[in-house]
Visitor: 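Dropping the structure in here first, questions after.
Chain letters run A, B, ... following the sequence lines, proteins first, then strands; residues in each count from 1. All values derive from a computational prediction rather than experimental measurement.
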Amino acid sequence: MGRFIVRRLLQFIPVFLGTTFLIYFLVFALPGDPIAGLTAGKPANPAFEAYITEQYHLDDPFLVQYLKYLGGLLTGDLGQTFSGQSVAEVFAERFPVTLQLAATAFLIEVVLGIGLGVWAARRRGGIVDNLSLAGTLIVISIPVFVLAYVVQYIFGVKLGWLPPTGIAKGWPVSYILPAFVLAALSLAYVLRLTRQSLLETFSLDFMRTARAKGLPGGRILWRHGLRNSLIPVVTFLGADLAALMGGAVVIEGIFNIPGVGQQLYASIRLGEAVVVVGLVTALVIIYLIMNLVVDVLYGYLDPRIRYE
Amino acid sequence: MRRSAMVTVAVALTGGLALAGCSSSGGDSGGGGGQSGGDFSIAIESSNTGLLPTNCWDVYCAQVLNAAYTGLYTFEKSDGDAYTATPTELNKSVSSDDAGTSWTISLNEGFDFSNGEKLTAQSFVDTWNYAANGGNGQQLGFVFGPSALNVKGYKAVSGPKTKGEKMAGVSVDENDPMTIKVEVEEPLSNDMFANLLAGPQIMPMSKAALKDPKSQNKQLISNGPFVMQEDATSQSIKLVRNSGYKGTPASADSVEFRIYEDGNSEWADLQGNTLDVVPQLPDSAISSASSVLGERFINQPGAMEYSFYGFFQDSKVFADRDVRVAIAKAIDWDQINSKIWFGTRDRATSFAPATIPGGGTDLCGDDCTFDAAGAKQKLDDAGGLPGGSVEIAALSKGKETTTAVCNQLQTNLGIKCSVKLFSDFGAYIDFLYSDSIPDNFIVNSGWVADNPTIASMIGPFASDSDVNDIGYSNKEFDRLLQEGNHATDPSTQQQKWVDAEKVLFADFYAYPTQMLNTAAGYSTNVSGVEINPLGFVNTADITVNS
């Protein structure tokens, strides 16, 4: 197990180099001169132009720019935004916000998704089952930004129950709407996955044996049924937590949440390579770590799985 | 590479700071006067530039700086609809010699910085030297350069390796620490001098700020009606009323600039009444703004911004002036403005709206008036459109408008028309300066003035302008613009500029299509919201309803 984790961690290094290289190249290849974008069409002062060009190595060929960036990373310098804020500071400001949003969404997804999924499976054909099947079908078929605007308008603007945008009211009030929208799609999948998987497990021999042994219903459901049904759900959830962080771009834009997604959008627009590379690479690493955690979790859920 | 001889400062830099608003002018003492107390919020978008005055060129940072600083001039409505640069309470007097090259500015005492530092003439001199010095890489340094004020000794300090060097033409009077002396190379009129010194780049900075400029992005030190107490964050910049302010105090206790990335979320918050002022409503909101906001929807003509169509001077397709005019006459802008823009834009008849002194008169006349039959006739008389098709540029935001234009050209002139869509501004500019422009390409662009002068509206068309996107060049136009810029008599100045504008229309390589309105809105919590044509909110005069 230990060796397995170390080996996986070592794999992060080439992935890290590959991502930074690729993303740096993509931002480099974006059309438009960053300085023209910065000054919004007004002429740039030559002194300002010279300063920005030198500061951000804009005149250097791509490989030199990239190597200078890597060199900076080695000395712990993540670079600067065009407005002079250090990228490390941007990270410290933005990541906690997105983490909170993603974690809240994740919580909603897990609690509601698995909870309703179990309920639906136990009372198959009942009201909850039918309602959640219909509800999830609707959610899956609506584009997420439509859902976001609708929810924002109804609960934020019309009813005024929750703030329409921003995080000024703090956790949880400000996060409920965006987290719900962010979670909605995955919630639908988790619910359906849990329900389906549980129904399959119910029909297996060991479940009948457990019932025949006279075990209490709750124990059969949670220990024997759910635990054996969770592997596909956990696989999905693991990949999803990382996706939630990246998927927050749209949601953070609509609900004006100052997180990673919003920054990413702004920086891509400005061509701030160092910020985009830093943020995306961090997202990639989070994704890798989540994958690792999921793989380790498999072993706990199903002892038959061995690590090589 | 030289810059045009106009003040190409940036996307609308100045204005805002009301000198003495209606709510609390001079004699209003006792009984609370104009101070309503309370807190309100204004939407801004995240600035690319930070909060350093000498580097602030977008409307968002300028919105904050206008509330936080008192500079030398602010733009106020003067006669009729026109706005002019008006001295602030800090500005005691300004005078010049007869030649208009040697200027003296006296300051009133008491407008000190929020960190306790005293404001003197030296504060201005230091700030201006910091801005002009090439080693500091400040975008607004050029305000002191040949394209604008043209201060003596600017060239010596504007190079990259000049850190710490000072302009010879800016100094403190030996006998009076509150008097600034400015020497410029070419004569300027009073109006011109005032207009050039009305932007954030001339806001005085404290010694502490100049020592650590980056700190200003988080902890601004300023001298205006509002000052910063809490550190700025990525979502909000909060300013509170400056209790020691010598001038007319702000009405509200505090103003919070909330930072948005997307106009739609500003609109959601305004509808939910959780945000108080949206200085520029998003396009998606204007269709319903008047029914949702009623009286609280501001739709005032004369924002100093226009859209224009341009034809490259070397294009063979558009070589005949009649062809260009036929295209202009075939487009019904009134219809587009009412159907797509819901009356938040007007058909343009000149380059300067009535909010600019000397602007607002119809200089284009018949050539800019919609007349489908006349347009077709003109095109036929000119022998038709060479090639039979045109291509019009559009950014994704303007797609609907440009598509409508294309449809009209196809219907009214019987020519083919296609929209060339660009993802963002940078890509568009790249294309305009590339070699791959087809001969039948019509430039579709816009311009925002920096100050209320005709020169600021037509400056981009000067031959040596860096933003002359259509490569227009006419010596006569350049000469008139220049003469206007350096005329010391106000009426001569305006006449020269109007004449220059007439040259543009005579050539018809570029003509204005739409004049933008200020389309803004505010919540039920505030009143007295005024927005000047450059887009700045009069933060000090806004009262919070109790």
Side-chain angles (χ1 to χ4, degrees), chain A residues 30-55 81-86 89-90 93-94 97 149 152-153 156-160 162-169 252-259 261-263 265-266 269-272, chain B residues 1 3-4 8-11 46-50 52 55 57-58 132-142 145 147 158-160 213-214 217 233-236 258-262 264-266 268-269 271-275 423-431 445 447-448 450 465-467:
Chain A
L30 277 178
D33 170 16
I35 292 176
L38 253 183
T39 57
K42 297 281 177 170
N45 187 21
F48 169 77
E49 202 170 342
Y51 177 82
I52 293 281
T53 306
E54 197 207 312
Q55 189 85 15
T81 67
F82 284 142
S83 62
Q85 200 183 13
S86 80
E89 220 175 282
V90 172
E93 223 175 73
R94 302 276 178 168
V97 174
Y149 280 121
Q152 181 184 55
Y153 186 73
V157 175
K158 274 289 133 182
L159 298 173
L162 294 161
T165 78
I167 56 164
K169 296 249 159 46
E252 286 183 354
I254 293 171
F255 289 98
N256 198 39
I257 308 249
Q262 211 188 48
Q263 179 72 46
Y265 176 72
R269 231 176 26 180
L270 274 183
E272 281 177 329
Chain B
M1 199 161 62
R3 207 161 297 278
S4 72
T8 40
V9 179
V11 182
S46 64
S47 170
N48 301 332
T49 70
L52 203 63
N55 211 28
W57 64 86
D58 62 37
N133 193 293
N136 298 321
Q138 299 297 295
Q139 161 73 343
L140 296 189
F142 69 83
S147 62
S158 60
K214 264 190 192 160
N217 290 334
T233 69
S234 56
Q235 22 166 345
S236 131
R258 277 204 219 138
I259 301 171
Y260 289 80
E261 281 297 335
D262 177 30
N264 292 318
S265 30
E266 297 172 26
D269 271 352
Q271 287 181 88
N273 227 27
T274 52
L275 166 71
S423 58
D424 70 6
F425 193 76
Y428 182 34
I429 295 298
D430 269 6
F431 179 79
S445 197
W447 187 251
V448 188
D450 305 315
S465 159
D466 280 353
V467 286

Visitor: Which distance, rounded to the nearest 0.5 Å, do you find between the OH of B:Tyr260 and the CD of A:Gln262?
Guide: 10.5 Å
Visitor: Measure distances from B:Gln138 to the heavy atoms of chain A and classify the residue's part below 4.5 Å as side chain, backbone, both or neither.
Guide: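 When you check distances to chain A, only backbone atoms of B:Gln138 fall under 4.5 Å.
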Visitor: Main chain of B:Leu140, side chain of A:Asn45: is a donor-acceptor contact present, judged purely on distance under 3.5 Å?
Guide: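 No, because the side chain of A:Asn45 does not come within donor-acceptor range (under 3.5 Å) of the backbone of B:Leu140.
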Visitor: Using 0.5 Å steps for rounding, measure from the CD1 atom of A:Ile254 to the CG atom of B:Asp262.
Guide: 7.5 Å
Visitor: Rounded to the nearest 0.5 Å, what separates atom OG1 in B:Thr274 from atom NZ in A:Lys169?
Guide: 7.0 Å
Visitor: Using the side chain to side chain contact (heavy atoms under 4.5 Å, CB included) criterion, which residues pair with A:Tyr153? Sequence neighbours excluded.
Guide: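 Listed in chain order: A:Val157, A:Lys158, B:Gln271.
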Visitor: Examine whether an atom of B:Ser234 lies under 4.5 Å from a heavy atom of chain A, and if so say whether it belongs to the side chain, the backbone or both; otherwise answer neither.
Guide: both
Visitor: Go through it in stages, so that I can follow the logic: the residues are A:Phe48 and B:Asn55, the test is side-chain contact (heavy atoms from CB on, under 4.5 Å), and I'd like the CA-CA distance, side-chain angles, deciding distance and then a yes or no.
Guide: CA-CA 9 Å; A:Phe48 169 77; B:Asn55 211 28; 3.8 Å; yes
Visitor: Is the number of heavy atoms from other residues, nucleotides or ligands under 6.0 Å of A:Tyr265 OH greater than 12?
Guide: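 No, the 6.0 Å shell around OH holds no more than 12 heavy atoms from other groups.
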Visitor: Could you check which of B:Ala132, B:Gly50, B:Ser265 has the highest count of heavy-atom pairs closer than 4.5 Å to chain A?
Guide: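 So the answer, after comparing B:Ala132, B:Gly50, B:Ser265, is B:Ser265.
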Visitor: Tell me every residue that passes salt bridge (charged side-chain N to carboxylate O under 4.0 Å, His left out) with B:Arg258, counting only those two or more places apart in sequence or in another chain.
Guide: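 With sequence neighbours excluded, B:Arg258 shows a salt bridge (charged side-chain N to carboxylate O under 4.0 Å, His left out) to B:Glu256, given in chain and number order.
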Visitor: Under a 3.5 Å distance rule, please check whether A:Asn256 uses its side chain to pair with a backbone N or O of B:Ile259 as donor and acceptor.
Guide: yes
Visitor: I would like to know whether A:Ile167 and B:Gln235 meet side-chain contact (heavy atoms from CB on, under 4.5 Å); could you show each step before the answer?
Guide: CA-CA 9 Å; A:Ile167 56 164; B:Gln235 22 166 345; 3.3 Å; yes
Visitor: Given a strict heavy-atom distance threshold of 4.5 Å, which part of B:Leu275 is in contact with chain A: side chain, backbone, both, or neither?
Guide: neither
Visitor: Where does B:Asp269 contact chain A at under 4.5 Å (heavy atoms): side chain, backbone, both or neither?
Guide: both
Visitor: With rounding to the nearest 0.5 angstrom, report the CD to OG1 distance, B:Glu261 to A:Thr165.
Guide: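 Separation between the atoms: 12.0 Å.
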Visitor: Tell me the closest heavy-atom pair linking B:Asn264 and A:Tyr149, and the distance in Å.
Guide: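 Taking B:Asn264 first and A:Tyr149 second, the nearest heavy atoms are ND2-OH, 3.5 Å.
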Visitor: Tell me, for B:Asn273 versus chain A, whether the close heavy atoms (under 4.5 Å) come from the side chain, the backbone, both or neither.
Guide: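 It is neither, since no heavy atom gets under 4.5 Å.
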Visitor: Locate the shortest heavy-atom distance separating B:Ser158 from A:Ala47; write the atom from each residue and the value.
Guide: O-CB, 3.9 Å
Visitor: Taking every non-hydrogen pair under 4.5 Å, which of A:Arg94, A:Gln263, A:Gln55, A:Gln85 racks up the most with chain B?
Guide: A:Arg94
